[in-house]
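Chain identifiers are assigned alphabetically (A, B, ...) following the order of the sequence lines, protein sequences preceding nucleic acid strands; residue numbering begins at 1 within each chain.
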Protein chains: 2
Amino acid sequence: MKPAELTQTISDTLPALRKSERKVADFVLKNPMQLIRMRIVDLAQEAEVSEPTVVRFCRAVGCHGFQDFKLALAQQLAASPSYGQIAVTEGDSTREYTHKVFDSTIDTLLKVRESLEIERLDSAVAAICTAERVEFYGFGASAAVAFDAQHKFFRLQITSAAYSDPHLQNMSATSLHSGDVVVAISQSGRTRALIDSMELVKQAGGIVIAIAPSGSPIARNASIAIEVDAKEDIKIYTPLSSRIAHLAVIDVLAIGVAKKKGPQLQQHLQKLQEGLASLRSP
Amino acid sequence: MKPAELTQTISDTLPALRKSERKVADFVLKNPMQLIRMRIVDLAQEAEVSEPTVVRFCRAVGCHGFQDFKLALAQQLAASPSYGQIAVTEGDSTREYTHKVFDSTIDTLLKVRESLEIERLDSAVAAICTAERVEFYGFGASAAVAFDAQHKFFRLQITSAAYSDPHLQNMSATSLHSGDVVVAISQSGRTRALIDSMELVKQAGGIVIAIAPSGSPIARNASIAIEVDAKEDIKIYTPLSSRIAHLAVIDVLAIGVAKKKGPQLQQHLQKLQEGLASLRSP
DNA sequence: AAATTCGTGTAAAAAATTTACAAGAATTAG
DNA sequence: CTAATTCTTGTAAATTTTTTACACGAATTT
């Protein structure tokens with residue numbers, strides 16, 4: 001039993017359930033949190049059915065029994081904490097919206113983690129390792145991601161740059177050599193200027209790795225598309241969790257490159273760390 | 001019973017436990033995953049103690065009984081998936097280290113979420129809302145965080161800037177007015193140049209909000225310290241999850257400010273969004 | 001060295017879950 | 001439209017699982 005999608009499974013199974021079992025399903029979907037502290041008799045009473053019906057319901061959704069079901073549900077709820085209602089609302093207290101921001105971020109990360117295509121990541125790491133230059137392009141909120149990436153890869157002894165200015169991007173793109181890599185980062189996946197830059201990169205023989213929503217123009221035009229779909233809290237109109245998902249993807253690439261570079265890199269990083277120590281107060 | 005820290009609680013309680021109970025604790029800490037599918041008799045057998053001892057152990061760590069304990073453990077494990085061994089190792093496949101990067105990031109976020117001081121966040125939001133200017137200072141990896149924050153708050157109609165150059169920081173700091181806010185972001189919490197800038201800010205009558213490790217010089221010298229402790233994967237020497245935690249904190253502040261600014265801000269954001277649409281391909 | 005406290009297991013009781021079965025509702029075929 | 005069959009649901013019993021009560025042995029203190 002994989003807990004990741006239990007509530008989903010329940011919803012899917014709903015039409016195939018019998019009338020009384022559906023009563024159980026309704027209650028479960030409405031009060032998943034409560035359920036964790038309930039015994040089978042309580043649930044039977046609340047849903048106005050008999051205990052065996054509850055067991056039959058649990059079996060119907062793929063669990064071995066009631067305990068198994070409860071455990072699976074508990075796990076799912078713990079994994080995506082504010083399941084169902086992560087949008088921040090007017091009346092939220094500071095504690096509430098703080099939790100919601102973190103929870104929705106975690107939620108996004110869990111979703112993205114599952115949806116990443118491993119082969120694409122491998123190709124991307126391989127491309128970065130063989131490139132002479134690696135550049136990161138992004139606008140708006142993705143600019144910060146690009147600079148973060150530049151900083152990270154620079155530390156890994158990769159000649160890297162980050163540009164959030166379309167002119168600089170274009171100038172740099174035309175000077176790339178065959179095999180060089182550009183990582184195009186976009187939350188919308190449809191920023192025109194970025195698409196233009198990508199075109200120039202490809203003309204120069206460069207490889208474009210895109211971190212963008214699946215099926216978006218930027219993902220489609222890339223040599224290697226790492227598709228990241230992060231639903232945003234629309235009401236706020238400021239990208240919240242998706243750029244964090246992008247950063248996590250960058251981290252994965254960085255780790256991949258670090259692994260490929262092997263042990264001599266460790267020494268380099270060690271030295272860097274020691275160098276930085278002198279800039280710090282004791 | 002808060003599941004967030006059960007294994008931690010077990011470790012903490014360890015010295016206070018009796019010999020046979022400790023056997024149970026050892027087994028639990030070593031095989032937390034397995035335990036979820038075990039009954040009390042199985043655990044008793046594996047740990048080579050009697051069943052009542054297991055129950056006593058559960059009570060000792062603050063749970064109501066064995067079931068309660070199992071549930072709490074299941075929740076914690078679901079929340080921090082690769083609990084215990086998130087460090088990336090040589091032999092990891094791409095799939096494995098990808099998961100580990102995401103999991104450790106999630107782990108960090110969960111920990112930070114619990115440790116944040118709500119009152120500090122409230123003070124910080126209040127200070128930002130009343131300030132005429134808000135600036136973000138950070139070096140290295142925190143520079144990207146600073147720029148991200150600048151971008152975010154700029155969208156919220158806050159006059160904001162971000163500097164990752166100590167000279168620019170100092171120049172800007174001296175020109176601040178009373179009540180203006182500087183957010184100092186640091187992963188080490190001991191960058192000398194940043195401490196110097198903070199001093200200038202305070203001399204100019206500005207408020208310094210620090211996002212830094214607890215107890216660090218930067219946290220101690222700040223007007224409002226938002227303490228973020230994110231353990232890093234030391235082997236890689238490149239900040240991984242802590243900057244993501246910092247970004248999440250920035251998000252929380254941004255949401256707080258957005259809420260305080262109220263509905264007229266929504267219209268502004270809507271307009272911004274529409275403006276950006278023209279830069280995108282259809 | 002004796003007494004008391006503490007720790008642990010055995011065995012019995014209680015609680016909870018699951019199975020077996022039967023009664024009633026619904027549906028379909030005659 | 002009625003009868004038969006199938007499907008649905010609950011009652012009650014059986015089983016499993018957990019918890020409590022108690023007693024014995026070890027350890028510690030006076």
Nearest-Å distance, CZ (A/F57) to P (C/dT18)? 14 Å
Would you say C/dG9 has OP1 or OP2 under 4.0 Å from some side-chain N or O of B/T53? yes
So does A/L17 get a backbone contact from the side chain of A/R22, meaning a donor-acceptor N/O pair under 3.5 Å? yes
When rounded to whole Å, the CG to C1' distance for the pair A/D42 and C/dA15 reads 12 Å
What is the distance, rounded to the nearest whole Å, between atom NZ of A/K19 and atom P of C/dA25? 11 Å
Choose from C/dG9, C/dA20, C/dA16 the nucleotide whose nearest atom is closest to any side-chain atom of A/Q67. C/dA16
Short side-chain to backbone donor-acceptor contact, A/D229 and A/S214, under 3.5 Å: yes
Going 5' to 3' along DNA chain D, between which two nucleotides do contacts with chain B fall, using a heavy-atom cut-off of 4.0 Å? D/dT17 to D/dT20
Salt bridge or not between B/R113 and A/D103? Use side-chain N to carboxylate O under 4.0 Å. yes
For the pair made of CD1 in B/I40 and P in C/dA14, what is the distance, rounded to whole Å? 18 Å
Send over the distance from B/D68 CG to C/dA15 P, rounded to a whole Å. 17 Å
So, the side chain of B/D42 versus the backbone of B/R39: is there a donor-acceptor pair under 3.5 Å, distance only? yes
For A/M38 and C/dA16, what is the distance between atoms CE and C1' respectively, to the nearest whole Å? 15 Å
Could you tell me which residues satisfy side chain to side chain donor-acceptor pair (under 3.5 Å) with A/D122, sequence neighbours excluded, listed by chain and number? B/T94
Other residues, nucleotides and ligands only: do more than 12 of their heavy atoms fall within 6.0 Å of CD on A/E48? no
Here the distance between atom P of C/dT17 and atom CZ of A/R56, to the nearest Å, is 16 Å
Tell me the interatomic distance from B/E51, atom CD, to C/dA12, atom P, rounded to whole angstroms. 14 Å
OP1 or OP2 of C/dT19 sitting under 4.0 Å from any side-chain N/O of A/R59? yes
A/R59 side chain vs A/H64 backbone, donor-acceptor pair below 3.5 Å: yes
